[in-house]
Amino acid sequence: MSKPFVAILMGSDSDLPTMEASFDVLKKFDIPFEVKITSAHRTPAATHAYVTDADARGCAAFICAAGMAAHLAGAVAAATVKPVLGVPINASLDGLDALLSTVQMPGGIPVGTLAIGKAGAKNAAYLAAQIMATSDEKLAKAVRDERQANADAVIAKDAELQKRLNG
C-alpha cells in the first residue's frame with residue numbers, strides 16, 4: 001500500500017505562484033503530494049476522473065485553489081468524502097468572489113475554506129498535515145514541534161524588542 005498523499009488541484013496555471021506555499025509546507029513534513037491543473041467548468045469529466053482515481057490510490061485530502069467563480073473545491077467535494085480544503089485565489093474583486101463561492105457550500109457537501117491567497121495556501125497544507133496526523137504520531141510530533149519552534153521565535157523576537165526598548 002502506498003503512502004497517503006495530498007492532491008492539490010488548481011483551476012489555472014496562474015494559481016501556481018500562490019499554491020507554491022502549499023508545496024513548501026508539505027515538503028517540510030515529508031508529505032507526498034500531486035499537483036494538477038483542472039477546471040470544474042472547462043474539464044468537469046477530467047476533474048471527476050482524477051478525484052475518483054486519487055481517492056482509490058490513497059489520497060488523504062484535497063486542496064483546491066480557484067479564483068472568480070471558484071467552484072473547483074465544490075466539484076471535488078461532490079466526488080469524494082475525503083476532506084476538501086478550498087483556497088480562494090485573488091483573481092478579481094480582491095478574491096471576495098472566490099471566497100464566497102468556496103465557503104457557501106450546500107449542507108452535506110462541506111469544503112473547509114481557508115484565507116484568500118498565499119496565507120490560505122500555506123494553512124491548507126498545515127490543515128492537511130493535521131488531518132493526516134490524526135493517524136500518524138510521527139507526523140503529529142512534527143506538527144507540534146513546528147508550532148513550538150514558531151512560538152519560540154515569537155518569544156525570542158519579543159525578548160529582543162524588550163532589550164532594545166529597555167536597554
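Start at 1 with the first residue, then count along the sequence.
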Query raised in the report: Linking I/L/V/M/F/W/Y whenever their side-chain heavy atoms sit closer than 4.5 Å, directly or via other members, would Ile89 and Leu100 fall into one cluster?
Result: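 In one cluster with Ile89: Leu100, no.
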Report task. Using the ring pair (Phe, Tyr, Trp, His ring centres under 6.0 Å) rule, collect all pairs that involve residues 6-32, keeping only residues at least two apart or in two chains. Result ->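 The answer is Phe23-Phe33, Phe29-Tyr126.
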So which pairs with a foot in [range] pass salt bridge (Lys or Arg N to Asp or Glu O under 4.0 Å), sequence neighbours left out?
range	answer
residues 5-28	Lys28-Glu146
residues 56-71	Glu34-Arg57, Asp53-Arg57
residues 153-167	none

Query raised in the report: About how many Å separate NZ of Lys122 and CG of Leu127, when rounded to the nearest 0.5 Å?
Result: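 Interatomic distance, Leu127 CG to Lys122 NZ, rounded to 0.5 Å: 14.5 Å.
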Query raised in the report: To the nearest 0.5 Å, what is the distance between CD1 (Ile37) and CE (Met10)?
Result: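 Answer rounded to 0.5 Å: 4.5 Å.
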Query raised in the report: Can you check whether Leu85 reaches Cys64 side chain to side chain, under 4.5 Å on heavy atoms?
Result: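 In short, these two side chains do not touch, never coming nearer than 4.5 Å.
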Requested in this report: May I ask you to test the Leu139-Ile31 pair for a side-chain heavy-atom distance under 4.5 Å?
Outcome: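 When only atoms from C-beta onward are counted, Ile31 and Leu139 do touch, with a gap below 4.5 Å.
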Tell me whether [X] contacts the main-chain N or O of [Y] through its side chain, where contact means a donor paired with an acceptor under 3.5 Å.
X	Y	result
Ser101	Ala70	no
Asn166	Gln162	yes
Thr134	Ile131	yes

Requested in this report: For Lys36, check salt bridge (charged side-chain N to carboxylate O under 4.0 Å, His left out) against everything at least two apart and list the hits.
Outcome: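 With sequence neighbours excluded, Lys36 shows a salt bridge (charged side-chain N to carboxylate O under 4.0 Å, His left out) to no residue whatsoever.
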Query raised in the report: For Lys82, what residues pass the salt bridge (charged side-chain N to carboxylate O under 4.0 Å, His left out) criterion, not counting sequence neighbours?
Result: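 Salt bridge (charged side-chain N to carboxylate O under 4.0 Å, His left out) list for Lys82, sorted by chain: Asp55.
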Which atom pair, heavy atoms only, marks the closest approach of [X] to [Y]?
X	Y	result
Gln130	Val143	CG-CG1, 4.0 Å
Ala75	Ala40	CB-CB, 3.8 Å
Thr102	Ala98	OG1-O, 2.7 Å
Gly67	Ala91	CA-CB, 4.1 Å

Requested in this report: Please go through Phe5's hydrophobic cluster and name the other residues, only I, L, V, M, F, W, Y counting, with side-chain heavy atoms under 4.5 Å joining them.
Outcome: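 Same cluster as Phe5: Leu9, Tyr50, Val51, Phe62, Leu72, Val76, Val84, Met105, Ile109, Val111.
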Who pairs with [X] by side chain to side chain contact (heavy atoms under 4.5 Å, CB included), at least two apart in sequence or on another chain?
X	answer
Ala121	Thr18, Met19, Ala21, Ser22, Val87
Ala140	Ala133, Glu137, Arg144
Ser14	Ser12
Ile116	Pro88, Asn90, Leu96, Leu99

Query raised in the report: Passes side-chain contact (heavy atoms from CB on, under 4.5 Å), Ile8 versus Leu26? Steps please.
Result: CA-CA 11 Å; Ile8 301 173; Leu26 295 172; 3.8 Å; yes
**Report entry** Sequence neighbours excluded - side chain to side chain donor-acceptor pair (under 3.5 Å) pairs with any residue from residues 60-69
**Finding:**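 Found none.
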**Report entry** Residue pair Val6, Met132: steps toward the side-chain contact (heavy atoms from CB on, under 4.5 Å) verdict
**Finding:** CA-CA 9 Å; Val6 174; Met132 295 173 79; 3.7 Å; yes
